[in-house]
There are 2 protein chains.
Amino acid sequence: MDLPEPLPEPAVDEIRLEHVFAALSDPLRLEIVRKLLLESEAFDHSCGWFGFDRPKSTLTHHFKVLREAGVTRQRQYGLERRSHVRTDDLNARFPGLLDLVTTDKRR
Amino acid sequence: MDLPEPLPEPAVDEIRLEHVFAALSDPLRLEIVRKLLLESEAFDHSCGWFGFDRPKSTLTHHFKVLREAGVTRQRQYGLERRSHVRTDDLNARFPGLLDLVTTDKRR
DNA sequence: CACGTAGTACGATAAAAGTCGTACATAGGG
DNA sequence: CCCTATGTACGACTTTTATCGTACTACGTG
């Protein structure tokens with residue numbers, strides 16, 4: 001089955017550890033990635049799904065930061081732009097990193 | 001053998017993942033931690049040891065950020081303030097994170 | 001076609017972070 | 001005592017990041 005082309009993103013070997021750390025150092029983006037990992041492994045989600053109480057322009061900004069750091073992959077489905085975590089790529093490059101995100105205890 | 005008291009630092013269970021990510025998202029601080037891990041596991045080092053071409057005030061700032069995030073522990077030895085990575089604490093809280101720092105390939 | 005929706009680029013603003021010079025405190029040695 | 005060295009707090013400046021409103025584009029539906 002053909003998927004739409006992903007939006008521009010770094011190649012696997014271009015993903016920089018400090019860029020990934022920077023992307024995940026914001027609490028909102030950390031929560032986005034955690035939610036993607038824990039609650040939606042099988043399929044993508046558009047921006048609206050996350051239920052964050054933020055203007056769309058703010059969420060657009062954060063999704064772009066995650067994509068440009070190489071943490072997420074985004075594809076356009078008609079009106080919707082869906083994201084999921086580049087789990088295989090990140091596990092190849094930084095094994096265990098995503099486990100830290102899912103197991104970190106929140107207040 | 002008595003060591004000097006560490007400078008103020010967060011308790012193990014107060015260390016926040018996003019604070020650690022933020023501390024390690026700066027290339028200079030990432031390099032400081034990597035160097036501490038790879039080249040000096042057995043003993044502490046003062047600021048001068050790292051050989052960074054930066055003013056002392058800049059290095060003081062970065063060492064403080066690392067300590068306040070809970071990544072490093074600093075102790076005062078006479079004139080010198082020596083740092084090492086809180087390896088046991090970080091491995092307990094975020095297993096595998098420090099491995100990512102040491103194995104990350106640099107340009 | 002019109003309309004509603006998703007999502008964006010742009011720009012403005014505010015906040016945060018990084019850089020570094022300066023003057024200072026402290027420690028240690030002679 | 002003086003001198004040197006380590007390292008800092010403070011403040012100023014620059015850069016980066018976060019927030020969000022606005023106007024817009026593109027898509028899907030009727």
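Each chain gets a letter, A, B and so on, in the order its sequence line appears, and its residues count up from 1. What you see is a predicted model, and the numbers here were worked out from it, not measured in a lab.
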Rounded to whole angstrom units, what separation is found between the CG atom of L59(A) and the C1' atom of dG7(C)? 10 Å
Does one hydrophobic cluster hold both V85(B) and V65(B), with members joined at side-chain heavy-atom distances below 4.5 Å? no
Rounded to whole Å, please give me the gap between CD in Q76(A) and P in dC27(D). 8 Å
Can you check the F63(B) CZ to dG7(D) P distance for me, whole Å? 9 Å
Looking at F63(A) and S83(A), what are the two nearest heavy atoms and their distance? CD2-OG, 3.5 Å
Has R54(A) got a side-chain atom pairing as donor or acceptor with L59(A)'s backbone, closer than 3.5 angstrom? no
R67(B) CZ to dA9(D) P, straight-line distance once rounded to whole Å: 8 Å
Within the structure, does a side-chain N or O atom of R81(A) lie under 4.0 Å from either OP1 or OP2 of dA6(C)? no
Are the side chain of Q76(A) and the backbone N or O of G78(A) linked by a donor-acceptor pair below 3.5 Å? yes
Give a yes/no answer on whether the side chain of R82(A) brings an N or O atom under 4.0 Å of OP1 or OP2 in dA6(C). no
Which pair of non-hydrogen atoms, one from L7(B) and one from R75(B), has the smallest distance, and what is that distance? CD1-CA, 4.2 Å
Identify each atom pair where a protein N or O and an N or O of nucleotides 20-22 of chain C are less than 3.5 Å apart, giving names and distance.
from: dC20(C); atom 1: OP2; to: T58(B); atom 2: OG1; distance (Å): 3.4
from: dG21(C); atom 1: N7; to: S57(B); atom 2: OG; distance (Å): 2.9
from: dG21(C); atom 1: O6; to: S57(B); atom 2: OG; distance (Å): 3.4

Atom CG of L30(B) and atom P of dG18(C): how far apart are they, to the nearest Å? 13 Å
Rounded to the Å, how far apart are R75(B) CZ and dT26(C) P? 22 Å
Can you measure R29(B) atom CZ to dT16(D) atom P for me and round it to whole angstrom units? 15 Å
Per atom distances to the H62(A) side chain, the nearest of dT19(D), dT8(C), dT8(D) is dT19(D)
For H19(A), all residues meeting side-chain hydrogen bond (donor to acceptor under 3.5 Å, both in side chains), sequence neighbours excluded: none
Considering non-hydrogen atoms only, spot the tightest contact between T72(A) and R67(A) and give its length. OG1-N, 3.3 Å
Protein-nucleotide distance (K56(B), atom NZ; dT4(D), atom C1'), rounded to Å: 11 Å
Winner on side-chain proximity to T60(B), out of dT8(D), dG7(C), dG18(C), is dT8(D)
Side-chain atoms of L28(A) come closest, of dG7(C), dT19(C), dT19(D), to dT19(D)
